[in-house]
There are 2 protein chains.
Amino acid sequence: MSLIEEKCKEKGVRLTDQRKVIAKVLSESKEIYGSKDHPDVDELHKRVTVIDDKISIATVYRTVKLFEEAGILIKHDFKAGKARYEISDNHNHLIDINSGEIVEFVDKDIENLQKKIAQKLGYNLVDHKLELYGSKIKK
Amino acid sequence: MSLIEEKCKEKGVRLTDQRKVIAKVLSESKEIYGSKDHPDVDELHKRVTVIDDKISIATVYRTVKLFEEAGILIKHDFKAGKARYEISDNHNHLIDINSGEIVEFVDKDIENLQKKIAQKLGYNLVDHKLELYGSKIKK
DNA sequence: TTATTTGCAAACGGTTTGCCGATTA
DNA sequence: TAATCGGCAAACCGTTTGCAAATAA
């Protein structure tokens, strides 16, 4: 049973054949496609139809939204137009402005600083989005 | 002459009547609508047509893209679907998850930390996007 | 004059939705 | 069985674009 399938059970999300396939593809996405994998709905649909070619893209849309609302996935809009998804986890992204490659990172210092800033402005920090855009240093 | 109109001159952007009106509305947007003003194209079009009701929304789209490419405006996709614009300036945003209100802030510490992180990952920091999401602390 | 810009309406692309038969718990 | 879900195709909505007339330099 895939990671996401388990989370569905936890949260009482009904599991259908289609959802199981989508959950499986998402759960395996990083392992198979590497760390910079943030598939959009179209890409997801392509991968899913390899397993079951009856699954419609409407179902992928509905499922991905469902998973997002359940806190299982997070949705990114790195560039408007196409949303991209990955399993929920609080890391940040560095985007290579030349190749489009995405590097993930976490940094406790930044996280603490953010909390402090929000407090200073009179808010409790609930969530954050940090994207760095950079170009590779050649050596 | 509005702030943006001046920048257009600098960058050699041809100034038409329509662009002057749009530049004016954008330049005045913060003063009139307050610090949380990040109008979308539709809102911009509404404000612009008060001055000249012949200006089409296609022109607003084209102009806003032009200004963005000239580095005069920045485009935000706080939530996908509708882009929002403001005069270019490197501050960050804190978004009230309850009211949608947007608070702007700058923080040198965070900026330095970001630069350091990018370096550590082998990149030169070119740009960044930081959005905090929080809920107001009641007192 | 000549390259550029505008308004209009149609096209576009990602996403959502109504309908209704199929499936899950 | 009752509630929910999935497939299909049409609708939706923000944005872009081709065209011919208008305009800036």
Side-chain angles (χ1 to χ4, degrees), chain A residues 1 4-26 38-49 51-70 72-85, chain B residues 1 4-25 38-70 72-85:
Chain A
M1 187 161 65
I4 293 178
E5 227 177 295
E6 269 165 39
K7 291 205 181 181
C8 286
K9 285 250 163 95
E10 267 174 45
K11 319 227 173 189
V13 170
R14 186 183 264 187
L15 273 169
T16 65
D17 288 345
Q18 293 90 328
R19 289 181 187 173
K20 281 180 200 161
V21 174
I22 295 167
K24 180 169 188 287
V25 166
L26 281 164
H38 299 75
D40 58 41
V41 171
D42 222 66
E43 172 63 26
L44 229 35
H45 183 233
K46 263 186 212 132
R47 296 183 192 172
V48 149
T49 47
I51 302 176
D52 176 353
D53 67 352
K54 298 274 172 315
I55 297 178
S56 76
I57 197 155
T59 297
V60 179
Y61 272 108
R62 283 192 271 233
T63 303
V64 125
K65 179 184 261 178
L66 184 75
F67 287 174
E68 195 204 352
E69 283 163 358
I72 296 170
L73 293 181
I74 38 168
K75 180 181 183 179
H76 296 290
D77 296 286
F78 293 133
K79 54 168 70 181
K82 261 182 173 177
R84 307 176 70 186
Y85 293 84
Chain B
M1 185 161 68
I4 292 177
E5 225 177 296
E6 270 166 39
K7 292 206 182 181
C8 286
K9 286 250 163 94
E10 266 175 48
K11 320 226 173 190
V13 171
R14 187 182 265 187
L15 273 169
T16 65
D17 289 347
Q18 293 88 331
R19 289 182 187 170
K20 281 180 199 160
V21 174
I22 295 168
K24 180 170 189 288
V25 166
H38 299 76
D40 58 41
V41 171
D42 223 66
E43 173 62 25
L44 229 36
H45 184 233
K46 264 186 211 131
R47 295 182 193 172
V48 148
T49 47
V50 172
I51 302 177
D52 176 353
D53 67 352
K54 298 274 171 313
I55 297 177
S56 76
I57 197 154
T59 296
V60 179
Y61 271 108
R62 284 193 270 231
T63 302
V64 124
K65 179 184 262 179
L66 183 76
F67 287 175
E68 195 203 354
E69 282 163 357
I72 296 169
L73 293 182
I74 40 170
K75 180 180 182 179
H76 296 290
D77 297 285
F78 294 132
K79 52 168 72 181
K82 261 182 174 175
R84 307 175 71 185
Y85 293 84

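A note on names: the letters A, B, ... follow the listed sequences, proteins ahead of strands, and every chain is numbered from 1.
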K.L.:
Determine, stepwise, if the pair B:Phe67 / B:Cys8 fulfils side chain to side chain contact (heavy atoms under 4.5 Å, CB included).
P.N.:
CA-CA 8 Å; B:Phe67 287 175; B:Cys8 286; 3.5 Å; yes
K.L.:
Assign A:Asp40 to base, sugar-phosphate, or nothing according to its heavy-atom contacts below 4.0 angstrom with the strands shown.
P.N.:
nothing
K.L.:
List the atom of A:Arg19, the atom of A:Arg14, and the distance in Å for their closest heavy-atom pair.
P.N.:
NH1-O, 2.8 Å
K.L.:
Does the side chain of B:Ser56 get closer than 4.0 angstrom to OP1 or OP2 of C:dG7 through an N or O atom?
P.N.:
yes
K.L.:
Checking all strands, does B:Ile55 fall into the base, sugar-phosphate, or nothing category for heavy-atom contacts under 4.0 angstrom?
P.N.:
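Touches sugar-phosphate only.
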K.L.:
With heavy atoms under 4.0 Å as the rule, sort A:Arg62 into base, sugar-phosphate or nothing.
P.N.:
base
K.L.:
Taking A:Glu43 first and then A:Arg47, would you say they form a salt bridge - that is, a charged N and a carboxylate O separated by under 4.0 Å?
P.N.:
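A:Arg47 and A:Glu43: salt-bridged.
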K.L.:
For the pair made of CZ in A:Arg19 and P in C:dA22, what is the distance, rounded to whole Å?
P.N.:
19 Å
K.L.:
Using atom NZ of B:Lys20 as one end and atom P of D:dT23 as the other, report the distance to the nearest whole Å.
P.N.:
13 Å
K.L.:
Looking only at side-chain atoms of A:Thr59, point me to the closest of C:dG7, D:dT15, D:dG6.
P.N.:
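Side chain of A:Thr59 sits closest to D:dG6.
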K.L.:
Specify the separation, in whole Å, of atom CG of A:Asp52 and atom P of C:dT23.
P.N.:
12 Å
K.L.:
Given atom NZ of B:Lys82 and atom C1' of C:dG14, what is their separation to the nearest angstrom?
P.N.:
17 Å
K.L.:
Of the nucleotides C:dT6, D:dG7, D:dA3, which one has an atom closest to the side chain of A:Arg14?
P.N.:
D:dA3
K.L.:
Between CG of A:Asp40 and NZ of A:Lys46, what distance do you get to the nearest 0.5 Å?
P.N.:
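One finds 7.5 Å between CG of A:Asp40 and NZ of A:Lys46.
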K.L.:
A:Asp77 CG to C:dG13 P: how many Å, rounded?
P.N.:
19 Å
K.L.:
Remember a base hit wins even if backbone is also touched, and classify B:Ile57 as base, sugar-phosphate or nothing at under 4.0 Å, heavy atoms.
P.N.:
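Counting heavy atoms under 4.0 Å across all strands, no contact is made by B:Ile57.
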K.L.:
Out of C:dT24, C:dT6, D:dG6, which has the shortest distance to the side chain of A:Gln18?
P.N.:
D:dG6
K.L.:
Rounded to whole Å, please give me the gap between CD in A:Glu5 and C1' in C:dT24.
P.N.:
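Whole-Å distance recorded here is 14 Å.
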K.L.:
What nucleic acid atoms does B:Asp42 come within less than 4.0 Å of, heavy atoms only: base, sugar-phosphate, or nothing?
P.N.:
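Since no nucleic acid heavy atom lies under 4.0 Å of B:Asp42, the category is nothing.
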K.L.:
Would you mind reading off the distance between B:His45 atom NE2 and D:dG14 atom P, rounded to a whole angstrom?
P.N.:
14 Å
K.L.:
Do A:Glu5 and A:Lys24 have side chains that approach each other closer than 4.5 Å (heavy atoms only, starting at C-beta)?
P.N.:
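They are not in contact (no side-chain heavy atoms under 4.5 Å apart), so the answer is no.
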K.L.:
Looking at C:dT16, I'd like to know if its phosphate oxygens (OP1 or OP2) sit under 4.0 Å from a side-chain N or O belonging to A:Lys65.
P.N.:
yes
K.L.:
Look at the side-chain N and O atoms of A:Tyr61 and state whether any lies under 4.0 Å from the OP1 or OP2 oxygen of C:dT16.
P.N.:
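Answer no for this pair, as no side-chain N or O of A:Tyr61 is under 4.0 Å from OP1 or OP2.
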K.L.:
Report the nucleotide, chosen from D:dT17, D:dG6, C:dT16, that has the shortest atom-to-atom distance to any side-chain atom of B:Ala58.
P.N.:
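Nucleotide nearest to B:Ala58's side chain: D:dT17.
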K.L.:
D:dT15 C1' sits how many Å from B:Leu44 CG, rounded?
P.N.:
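It works out to 15 Å between those atoms.
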